[in-house]
Amino acid sequence: QVQLVESGGGWVQPGGSLRLSCAASGDIVSAMGWYRQAPGKERDLVAAITSGNRTDYADSVKGRFTISRDNAKNTVSLRMNSLKPEDTARYYCYAKRLFTTYWGQGAQVSVSS
């Protein structure tokens, strides 16, 4: 079993920055990352990182978001710069172990003036 606890998020004006963090407890996980879901829309991948630190980003966040992880602490972070109103969503941390995907409770990110 894996439990995920997220922190960070909040409200910021356009152009601002926020950081999300997620700590995984329990069994060791492989891939970790973040999805986001805006009201009325599907949950979409934002960024992912493997245990070997290979990263993948949605085209909409490339160059603005940076994902990183600490394998020793089983944590993953998402640094979000140059935030836009369209980045407003609930962000969900996920972690994979074997054939199971675990999810965090979500953290709200709101970008508006």
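Only this structure's heavy atoms are used, side chains among them; waters, hydrogens and symmetry mates stay out. By convention here, the first residue in the shown sequence is residue 1.
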May I ask you to test the Thr55-Thr66 pair for a side-chain heavy-atom distance under 4.5 Å? no
Heavy-atom nearest pair, Val109 first then Gly9, reads CG2-CA, 4.1 Å
Got a sec: does the CD of Glu42 have more than 12 other heavy atoms crowding it under 6.0 Å? no
Taking the side chain as everything from C-beta on, heavy atoms only, tell me whether Ser77 gets closer than 4.5 Å to Arg79. no
Determine, stepwise, if the pair Asp87 / Lys84 fulfils salt bridge (charged side-chain N to carboxylate O under 4.0 Å, His left out). CA-CA 5 Å; Asp87 294 318; Lys84 305 175 181 180; over 6 Å; no
Ignoring hydrogens and angles, state whether a donor on the side chain of Gln13 or Ser113 is under 3.5 Å from an acceptor on the partner side chain. no
Does Ser51 have any side chain to side chain contact (heavy atoms under 4.5 Å, CB included) partners at least two apart in sequence or in another chain, and if so, which? Arg69
Distance under 6.0 Å and angle within 45° of ring axis: Arg43 vs Tyr92: yes
Heavy-atom distance under 4.5 Å between the side chains of Ser112 and Pro85, does that happen here? no
Under 6.0 Å between ring centres: does that hold for Trp103 and Tyr35? yes
From CG (Asp56) to OG1 (Thr50), nearest 0.5 Å: 10.0 Å
Tested for side chain to side chain contact (heavy atoms under 4.5 Å, CB included) against Cys22, the lone hit among Thr75, Val76, Val5, Leu78 is Val76
When rounded to the nearest 0.5 angstrom, what distance separates CD in Gln108 from CH2 in Trp11? 13.5 Å
Hey, is the main chain of Arg90 close enough, under 3.5 Å, to the side chain of Arg36 for a donor-acceptor pair? no
If I compare all heavy atoms of Val12 with all of Leu83, which pair ends up nearest, and what's the gap? CG1-CD1, 3.5 Å
Does atom CD of Glu86 have more than 12 heavy-atom neighbours, drawn from other residues, nucleotides or ligands, at distances under 6.0 Å? yes
Less than 4.5 Å apart, any side-chain heavy atom of Phe65 and any of Val46? yes
Please answer: with hydrophobic residues joined when any side-chain heavy atoms are less than 4.5 Å apart, are Val2 and Tyr94 in the same cluster? no
Arg97 and Tyr102, any side-chain heavy atoms less than 4.5 Å apart: yes
What heavy-atom pair brings Ala95 and Met32 nearest, and what distance separates the two atoms? CB-CG, 4.1 Å
Check whether any side-chain N or O of Tyr57 sits under 3.5 Å from a backbone N or O of Arg64 as a donor-acceptor pair, and report yes or no. no
Out of curiosity, Arg19 CZ to Asn81 CG, how far, rounded to the nearest 0.5 Å? 10.0 Å
Does Cys93 offer a backbone N or O that forms a donor-acceptor pair with the side chain of Glu6 under 3.5 Å? yes
